[in-house]
Amino acid sequence: MTRKKNRAMDNKLIEVANFTFLNDADILESILQNENIEYIVENKNSSSVLPGIDAVGLRLVVRLKDVPRAIKVITSAGFEKYLSDKIFE
């Protein structure tokens with residue numbers, strides 16, 4: 001049971017960054033791909049549906065086990081201003 005619980009916790013998705021502009025999210029996506037960190041950008045399709053309106057609240061989430069690496073990559077790339085307050089909750 002404990003093993004299953006640990007796996008479930010490792011797979012829990014945590015918001016590590018949030019963006020207003022799609023371009024910023026796209027750049028960080030590329031960086032995370034290069035580091036082999038799996039991620040999801042939530043609300044990305046909203047930007048396509050509402051062209052010209054960037055302020056849709058893009059959220060970048062990663063697995064709990066990848067949060068420390070993601071924070072390091074985001075910070076090293078100079079994107080620390082996008083780090084989510086939710087990481088520290």
Check the pair Y82, D24 against side-chain contact (heavy atoms from CB on, under 4.5 Å), reporting the backbone distance first and the verdict last.
-> CA-CA 9 Å; Y82 297 112; D24 295 329; 2.6 Å; yes
Yes or no on side-chain contact (heavy atoms from CB on, under 4.5 Å) for L58 and E42, after CA distance, side-chain angles and deciding distance?
-> CA-CA 6 Å; L58 301 162; E42 296 179 344; over 6 Å; no
Stepwise side-chain contact (heavy atoms from CB on, under 4.5 Å) check, N18 with S84 | CA-CA 6 Å; N18 48 59; S84 174; 3.8 Å; yes
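Within a 6.0 Å radius of CD in E38, other residues, nucleotides and ligands contribute 12 heavy atoms or fewer.
E35 contributes atom CD, which lies 7.0 Å from atom CZ of R69 (distance to the nearest 0.5 angstrom). The structure places CG of L22 at 10.0 Å from CD1 of I27, a figure rounded to the nearest 0.5 Å. Here D66 contributes atom CG and N36 contributes atom CG; the two are 10.0 Å apart, rounded to the nearest 0.5 Å. Here the straight-line distance linking atom CG of L60 with atom CD1 of I37 works out to 9.5 Å at 0.5 Å rounding. Interatomic distance, N43 CG to F19 CZ, rounded to the nearest 0.5 Å: 12.5 Å. The line from CG of N34 to CD of E29 is 12.0 Å long, rounded to the nearest 0.5 Å.
Screening V67, I74, I71, V73 against V62 for a side chain to side chain contact (heavy atoms under 4.5 Å, CB included) leaves a single residue, V67.
A pairwise comparison of heavy atoms in L28 and A17 identifies CD2-CB, 4.5 Å as the closest pair. What you find for A77 and I31 is that their closest heavy atoms are CB-CD1, 3.6 Å. Nearest approach of L13 to R63, heavy atoms of both residues: CD2-N, 4.1 Å.
K81 is not listed as a side-chain neighbour of L83, based on a closest heavy-atom distance of 4.5 Å or more.
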